[in-house]
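Computation of the quantities below employed the complete heavy-atom set of this structure, encompassing side-chain atoms and omitting hydrogens, waters and symmetry-equivalent molecules. Both counts, for ligands and for their atoms, begin at 1 and track the order of listing.
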Amino acid sequence: MQQYEFDTVILGGGPAGFSAGLYAARGAVSTAIIDTNMLGGQPSNYLELENYPGFLKVGGYDLMEKFEEHADMFGVQKFPMQEIEEINLVSNPKVIKTKEGEFKAKTVIVATGAKPMKLGVPGEQEFVGRGVSYCAVCDGAFYKDKVVAVVGGGNSAVEEAMYLTKFASKVYVIHRRNELRADKIVQERAFKNEKLEFIWDSVVKEIKGSDLVSSAILENVKTNEVTELAINGIFPYIGITPNVEGFNGQIEQDSRGFILTDETMKTSVDGVFAVGDVRVTPLRQVITAASDGAIGAVYAVKYVETLKEIPVRS
Ligand code: NAP
């Protein structure tokens, strides 16, 4: 088995990971990015971004290519498509075993991201980017004067539904109960918003369309009545879940599995930092992930420096 040794290993090659790679490598520590997938992370699937400063409009894939090129410029080594066998973040050095080899690292920066929870209904996967979106901030502006639906009754669903009313002519909120989970203050604001219409006690059974989404099939869970709702877009907001497979429980996490950090991105384990969507953070965007990556890497480099032996004066 191939053996590798790095000062810093970054788990995850999305915006947080690339940014961390760039900053770590510029800090003159040997740096590798390991990903279980192709590099680029979630933004690679975004059609277009209009909110990354400096780029008025940019394809998600194109932006991530730029991030990668930038990390390459400073010699970050990349290991995409790795099949993880074991991750030990607690040991020193940290050890990541994949089918390809064993990676030893003085520090690990966890940048594995999160994934939206899926409805798991027919049409959902098929229409991603063509009417199904998990990011109102990214895609809302594409629905100017259109009719959209948000699924869920938590803070995210209700707040994002209100955000979408800036663009859409009508926003349905489809919730499986007849009471929202969202905070009362959020509910009060939502109930005053005339563009919002709540569809209670209902679940989405199917998303339909041809090129683009044109309707959703709903079922009332109390009456079992099935109806078809004409919509141009649908935003499931039924919660997100962090990608912590392989090291779940090794670091301090919140009740939903997100990693707790301090403002330097340090986790509860010495030498382990967490950046981007995988950590407990109030905003999950490319810009905030990139910012986290920079902070985490700077402090990871400082950590590596503290491990260097202090030369003995003769
Ligand atoms: P959440 O609070 O877990 O709410 C998820 C919602 O989706 C719930 O209403 C749930 O229904 C519904 N749901 C779950 N699985 C479903 C399924 N399979 N089909 C249909 N509906 C489903 O998630 P969140 O809204 O993403 O918020 C997560 C956390 O972040 C919460 O603690 C929230 O308070 C916090 N947050 C805070 C803010 C803020 O303070 N500004 C903003 C966003 C999020 P039930 O209600 O029936 O369970």
Side-chain angles (χ1 to χ4, degrees), residues 42 51 112-128 131-140 148-166 171-193 196-208 213 215-229 231 233-244 248 252-261 274 276-289 292:
Q42 291 182 79
N51 57 4
T112 46
K115 47 184 173 289
M117 283 163 60
K118 303 280 160 61
L119 296 167
V121 298
E124 183 180 22
Q125 191 57 38
E126 185 188 337
F127 287 109
V128 169
V132 173
S133 169
Y134 301 92
C135 181
V137 176
C138 320
D139 296 334
V148 299
V150 169
V151 188
N155 276 326
S156 297
V158 179
E159 287 187 350
E160 302 303 324
M162 282 194 284
Y163 177 79
L164 287 167
T165 62
K166 291 182 186 201
V171 180
Y172 293 103
V173 177
I174 303 163
H175 185 36
R176 62 184 178 183
R177 293 186 293 134
N178 63 359
E179 199 185 357
L180 295 175
R181 177 180 292 280
D183 297 343
K184 285 283 176 273
I185 187 159
V186 176
Q187 295 193 28
E188 276 166 25
R189 260 185 251 136
F191 291 142
K192 281 188 201 144
N193 190 320
L196 284 187
E197 182 174 332
F198 291 85
I199 301 179
W200 303 110
D201 298 317
S202 297
V203 291
V204 176
K205 300 299 280 186
E206 188 178 349
I207 296 165
K208 293 174 78 170
V213 165
S215 70
I217 304 295
L218 310 185
E219 185 184 10
N220 183 301
V221 292
K222 286 191 174 154
T223 63
N224 296 118
E225 189 192 358
V226 174
T227 51
E228 185 163 7
L229 182 72
I231 47 170
I234 184 161
F235 293 76
Y237 269 103
I238 60 170
I240 60 165
T241 184
N243 297 319
V244 289
N248 199 13
E252 203 181 331
Q253 291 158 270
D254 74 3
S255 58
R256 296 189 299 149
F258 291 95
I259 301 170
L260 293 157
T261 65
D277 286 7
V278 74
R279 77 179 189 101
V280 176
T281 175
L283 185 64
R284 294 189 168 89
Q285 295 284 290
V286 176
I287 184 73
T288 52
D292 276 9

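Regarding atom 15 (N) of ligand 1, its nearest protein heavy-atom neighbour is R176 NH1, 3.6 Å. Among all non-hydrogen protein atoms, the one lying nearest atom 8 (C) of ligand 1 is R181 NE, 3.7 Å. The shortest contact between atom 23 (O) of ligand 1 and any protein heavy atom is with G239 CA, 3.9 Å. Regarding atom 9 (O) of ligand 1, its nearest protein heavy-atom neighbour is G153 N, 3.0 Å.
Residue I240 places no N or O, backbone or side chain, under 3.5 Å from any N or O of ligand 1.
To the nearest 0.5 Å, atoms CD (E188) and CG (N193) are separated by 14.0 Å. The OG1 atom of T241 lies 6.0 Å from the CZ atom of F258; values are rounded to the nearest 0.5 Å. Between R181 atom CZ and I238 atom CD1 the span is 12.0 Å, to the nearest 0.5 Å.
Contacts with ligand 1 closer than 4.0 Å are made by no heavy atom of M117, backbone or side chain.
The heavy atom nearest to atom 24 (P) of ligand 1, considering only G120, S156, G154, A157, is found in S156. Considering V186, N155, T241, V158 only, the shortest heavy-atom separation from atom 40 (O) of ligand 1 involves N155. For atom 7 (O) of ligand 1, the candidate residues are D254, I238, V221; the nearest heavy-atom contact is made by I238.
Distances below 4.0 Å separate heavy atoms of E159 from the following atoms of ligand 1: 39 (C), 41 (N), 42 (C). Listed by number with element, the atoms of ligand 1 under 4.0 angstrom from any heavy atom of R256 are 28 (C), 29 (C), 30 (O). Atoms of ligand 1 lying under 4.0 Å from any heavy atom of H175, numbered from 1 in the order shown and given with element: 9 (O), 11 (O), 45 (P), 46 (O), 47 (O). The distance from ligand 1 to the heavy atoms of R177 drops below 4.0 Å at these ligand atoms: 45 (P), 46 (O), 47 (O).
For E160 (side chain) and V150 (main-chain N/O), no donor-acceptor pair under 3.5 Å exists by modelled atom type. Of the possible donor and acceptor atoms, none in the side chain of D183 sits under 3.5 Å from a partner among the backbone N and O of N155.
Of the listed residues (E206, R176, K205), just one forms a side chain to side chain contact (heavy atoms under 4.5 Å, CB included) with E219, and that residue is K205. None of V204, V173, T227, L229 except one satisfies the side chain to side chain contact (heavy atoms under 4.5 Å, CB included) rule with I199; the exception is L229.
For the pair Y134/V128, a side-chain contact is recorded, criterion being any heavy-atom separation below 4.5 Å from C-beta on.
The presence of a protein heavy atom under 4.0 Å from atom 31 (C) of ligand 1 is ruled out.
A donor-acceptor contact closer than 3.5 angstrom is absent between the side chains of N220 and D201.
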